[in-house]
Amino acid sequence: MSNRKVRVRFAPSPTGPLHIGGVRTALYNYLFAKQHGGDFIFRIEDTDSNRFVSGAEEYIAEAFQWLGLPFDEGVGIGGDKGPYRQSERRDIYKKYVDQLLAEGKAYIAFDTPEELDAKRAEIQNFQYDASTRGLMRNSLTLSKEEVDSLIADGKQYVVRFLITPGEDVLVNDLIRGEVRINSSILDDKVLYKSADNLPTYHLANIVDDHLMEISHVIRGEEWLPSAPLHVLLYRAFGWEDTMPQFAHLPLLLKPDGKGKLSKRDGDRLGFPVFPLQWTDPKTGDVSSGYRESGYLPQAVVNFLALLGWNPGTEQELLSLDELIAQFDLSKCSKAGARFDYVKGTWFNHEYILHSDDASLTPAFQEILRENGVETSDERAEKVVSLMKGRISFVRELWPLCKFFFVAPTAYDEKTAKKRWKEYSAQQMTELKDVIANLDDFSMDNQEAVVMAWIAEKEYKTGDIMNAWRLTLVGEGIGPHMFEISHFLGKDETLRRMEKAIETLG
RNA sequence: GGUCCCUUCGUCUAUCGGUUAGGACGAGAGAUUUUCAUUCUCUAAAGAGGGGUUCGACUCCCCUAGGGACUACCA
């Protein structure tokens, strides 16, 4: 088994948008697979027909495309271990269920959900297991004739796994070490439902992982309690020697308060919990996504990777290749991680800072267009290069830099009060002449001439620059003044100064 | 209730028996600056509690407390 090819899977249910915790689980699977030159498989676990949500499968595929974590095999890609959609594997599961039944390792049960509810109400801590199965209506208590006739009558039934009590089941977890659970606390889990001829998660999971030659099952901690059941199932099928290795990841917790991260936390605190925006097909409710909120996919990947794992060095900014090279399941933490969305924005800030200007420009152009600004990519890119160091999201650019494209219509009162002195109009009029006489409007020349003029007149640099900024920007923000005037060009610079002198007096 | 998992600064974490318990986010202070921001420097901030084991415990063991998950004909 140690020489087996690494094959891992991400196997979500198409019940809605993909939760960010699921994204992290998938990411860890991806990192592990790529590190070992293995395969990353996409399987859809749609064995609960009642919970199917249309569009969810497509959403998930699109999310991974955006994140840059491509699958090697599976739904939408293909491969020779398919089909990869569980609803298309009915015949396969049927065969294995029948095998278990024939070998006496599972049995048929006719108890209706209502009858079970009644039992639960009647008996405290009722569990369908060795201690109670004798009281129920199943193939263990009914005669073969009765069972056959019930089935012939079209009575619905389920197949339950026959758990032998009193046995210690050992689960070897790559993150947690040995976890030991006694089979007596396990119940006879439903493996198969006649109602839709579909297996439940537990059966489908084991059969598929075996048939798809999955080497490692890396999944959320919520599966740890049922891991012993899965071990028992592998044993029942005689597949224990090729059973995948398990790794149960810690959960993502709420940023504050108690419990695990939920969609509500995102709504309440104002951050996305889904990779992509999602519109609920039934209610029409829209949930925000990381993509639409302006996160860069690499930033999301980096941020998520470090929530529950770290390379053991002080490096926090890691490219996908670096993550692949350094990822180590044994270095995953065991405790749940609070979802620190503030740090997530810091990651985005860093990734924007290190992105090249051209790659940010299309998103900025879109914002410019929304604000009625038509400009060349070249000019938009110039502003990006000047301003990207100050933002965490591209959309934050507009309020910080709209003066590059739109002349001020008003002058910020506070700034004017502080920066527009009684002599400012006079000084600005003089500066206007200096600028008007410039033949060479290059930044270097502008700076040389203006600074020389300030020195000659023995003006205070701050007085000039602050007032000048007010005339061009309308408030006290923005990059270096010569950057602004150079971008605006001589004519626009003079026009804005004139208007400001007139207005501010 | 039962079972299992977990427990270092507010948060994410490093340490794998011997450290002034380190880094990052966030917070606060200061410096630089032509505004705003950036940047830089500094500061505050942690081993849940109690027992062991050991020359020595954040690190190993036990108990307690707290947190989390699971306990469906859902995954």
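Each chain gets a letter, A, B and so on, in the order its sequence line appears, and its residues count up from 1.
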What integer number of Å spans the [atom1] atoms of [N] and [M]?
{"N": "B:A27", "M": "B:U38", "atom1": "P", "result": "10 Å"}
{"N": "B:U53", "M": "B:C62", "atom1": "P", "result": "15 Å"}
{"N": "B:C12", "M": "B:G67", "atom1": "P", "result": "16 Å"}
{"N": "B:G47", "M": "B:A21", "atom1": "P", "result": "12 Å"}
{"N": "B:A48", "M": "B:C25", "atom1": "C1'", "result": "24 Å"}
{"N": "B:A44", "M": "B:G2", "atom1": "P", "result": "45 Å"}
{"N": "B:A46", "M": "B:G10", "atom1": "P", "result": "7 Å"}

Problem set entry | CD1 on A:I108 to OH on A:Y192, rounded to 0.5 Å | 11.0 Å
Using 4.0 Å as the upper bound for N to carboxylate O, is an ion pair formed by [Y] and [X]?
{"X": "A:K331", "Y": "A:D328", "value": "no"}
{"X": "A:E178", "Y": "A:R180", "value": "yes"}
{"X": "A:R137", "Y": "A:D111", "value": "no"}
{"X": "A:R235", "Y": "A:E167", "value": "yes"}
{"X": "A:R85", "Y": "A:E57", "value": "yes"}

Could you identify the nucleotide paired to [N], looking across every strand shown and requiring Watson-Crick or G-U wobble geometry with both distances under 3.5 Å?
{"N": "B:G10", "answer": "B:C25"}
{"N": "B:A48", "answer": "B:U64"}
{"N": "B:G1", "answer": "B:U71"}

Give the rounded distance in Å between these two atoms: [atom1] of [X] and [atom2] of [N].
{"X": "A:L318", "N": "B:C12", "atom1": "CG", "atom2": "C1'", "result": "14 Å"}
{"X": "A:L400", "N": "B:A37", "atom1": "CG", "atom2": "C1'", "result": "8 Å"}
{"X": "A:D173", "N": "B:C4", "atom1": "CG", "atom2": "P", "result": "15 Å"}
{"X": "A:H349", "N": "B:A37", "atom1": "NE2", "atom2": "P", "result": "14 Å"}
{"X": "A:N182", "N": "B:G2", "atom1": "CG", "atom2": "C1'", "result": "13 Å"}
{"X": "A:E483", "N": "B:A37", "atom1": "CD", "atom2": "P", "result": "19 Å"}
{"X": "A:D328", "N": "B:A14", "atom1": "CG", "atom2": "P", "result": "12 Å"}
{"X": "A:E396", "N": "B:A37", "atom1": "CD", "atom2": "P", "result": "14 Å"}

For this session: Flag the pair A:W309 / A:Q326 as yes when at least one side-chain heavy-atom distance between them is below 4.5 Å, and no otherwise.
Result: yes
Problem set entry | A:D196 and A:S49: side chain donor to acceptor below 3.5 Å | yes
Exercise. Which parts of nucleotides 61-75 of chain B does protein reach within less than 4.0 Å, heavy atoms only, written one letter per nucleotide 5' to 3' as B for base, S for sugar-phosphate only and - for none?
Worked result: ------SSSS--BBB
Exercise. Using a cut-off of 4.0 Å between protein heavy atoms and nucleotide atoms, how would you tag nucleotides 26-34 of chain B 5' to 3' with B, S and -?
Worked result: S-------B
Exercise. When the nearest nucleotide of RNA chain B is assigned to A:R176 and to A:F339 on a heavy-atom basis, which residue is associated with the more 5' position?
Worked result: A:R176
For this session: For A:E316, check salt bridge (Lys or Arg N to Asp or Glu O under 4.0 Å) against everything at least two apart and list the hits.
Result: A:K343
For this session: Looking only at side-chain atoms of A:A337, point me to the closest of B:C4, B:C6, B:C12.
Result: B:C12
Problem set entry | Evaluation steps, side chain to side chain contact (heavy atoms under 4.5 Å, CB included), between A:S194 and A:F110 | CA-CA 10 Å; A:S194 72; A:F110 294 98; over 6 Å; no
